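Just below is one structure, and these are the notes that go with it.
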Amino acid sequence: AQTVTQSQPEMSVQEAETVTLSCTYDTSESDYYLFWYKQPPSRQMILVIRQEAYKQQNATENRFSVNFQKAAKSFSLKISDSQLGDAAMYFCAYRSASGTYKYIFGTGTRLKVLA
Amino acid sequence: DSGVTQTPKHLITATGQRVTLRCSPRSGDLSVYWYQQSLDQGLQFLIQYYNGEERAKGNILERFSAQQFPDLHSELNLSSLELGDSALYFCASSVSVGDSGNTIYFGEGSWLTVV
């Protein structure tokens, strides 16, 4: 069974600085998708970025980018020029490209942004 | 706005009671997922439906049941409620189980408080 691990329960970053959130996963599949979701205090789940495993190029969305290392099964999220609005819980998620297509979430990393 | 609608947004009920949470997926989405998130916890996958049929089952208690109707809306029924069932219940939807690369979009959740 696939698993997703986020080993950093909490991280802090100074406003305007860069922070990297870690995520590792375990799978025997070769084709899958990885996601980062943000959950602000409102508790709504918001998609931040998505990566297809078959793509070697790392996904980017404005200030958010990922470092996808398929062999190492690592999928970290880098937030550049951190803003106060980035403070939230961040969840890493895995989805198989076949089978039940169930999404598996990590336990989350709480990001604090310091003014 | 993700396009996924959940009702009610908040619900307070007594132990032993039964409640129904409702979800309308995004227009065109065939797949519906239910997740439970207790306070400061990650997301626990409960169940997934695709075009009216159960597709995957997670850690869903026997006291809980769900279904997806022909119009694709879904309901999660929680019965014999216990204090520990207090949580935020998310519904999410996506286009198709077989549509590779699709992303799930979350509703705002239904807050259930059991007293």
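Lettering follows sequence order; numbering is per chain, from 1. Computed from a predicted model, the values in this text were never measured in an experiment.
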Engaged part of A/Tyr32 at the chain B interface, taking heavy atoms whose separation is under 4.5 Å: neither
Residues, nucleotides or ligands: over 12 heavy atoms within 6.0 Å of B/Asp71 CG: yes
A/Glu10 CD: over 12 foreign heavy atoms closer than 6.0 Å: yes
Within one Ile-Leu-Val-Met-Phe-Trp-Tyr cluster: A/Leu47 and A/Leu34, side-chain cutoff 4.5 Å: no
Atom NZ of A/Lys78 with >12 non-hydrogen neighbours under 6.0 angstrom: no
Derivation of the side-chain contact (heavy atoms from CB on, under 4.5 Å) call for A/Phe91 and B/Gln37: CA-CA 12 Å; A/Phe91 291 97; B/Gln37 186 179 36; 3.6 Å; yes
Gap between atom CG of B/Leu43 and atom CD1 of A/Ile104 - 0.5 Å precision: 12.5 Å
Atom pair CD/CZ of A/Gln39 and B/Phe106 - distance to nearest 0.5 Å: 9.0 Å
Where B/Ile104 and A/Phe105 come nearest, the two heavy atoms and their spacing: CD1-CZ, 4.3 Å
Point-to-point distance, once rounded to the nearest 0.5 Å, from CG of B/Leu88 to CD of A/Gln44: 10.5 Å
Heavy atoms from other residues, nucleotides or ligands near CD1 of B/Ile12 exceed 12 (cutoff 6.0 Å): no
Proximal component of A/Gln6, with respect to chain B [non-hydrogen, under 4.5 Å]: neither
Hydrophobic cluster membership, A/Val13 vs A/Met11, 4.5 Å side-chain cutoff: yes
Distance in Å, B/Tyr35 OH paired with A/Met45 CE, rounded so as to fall on 0.5 Å steps: 8.5 Å
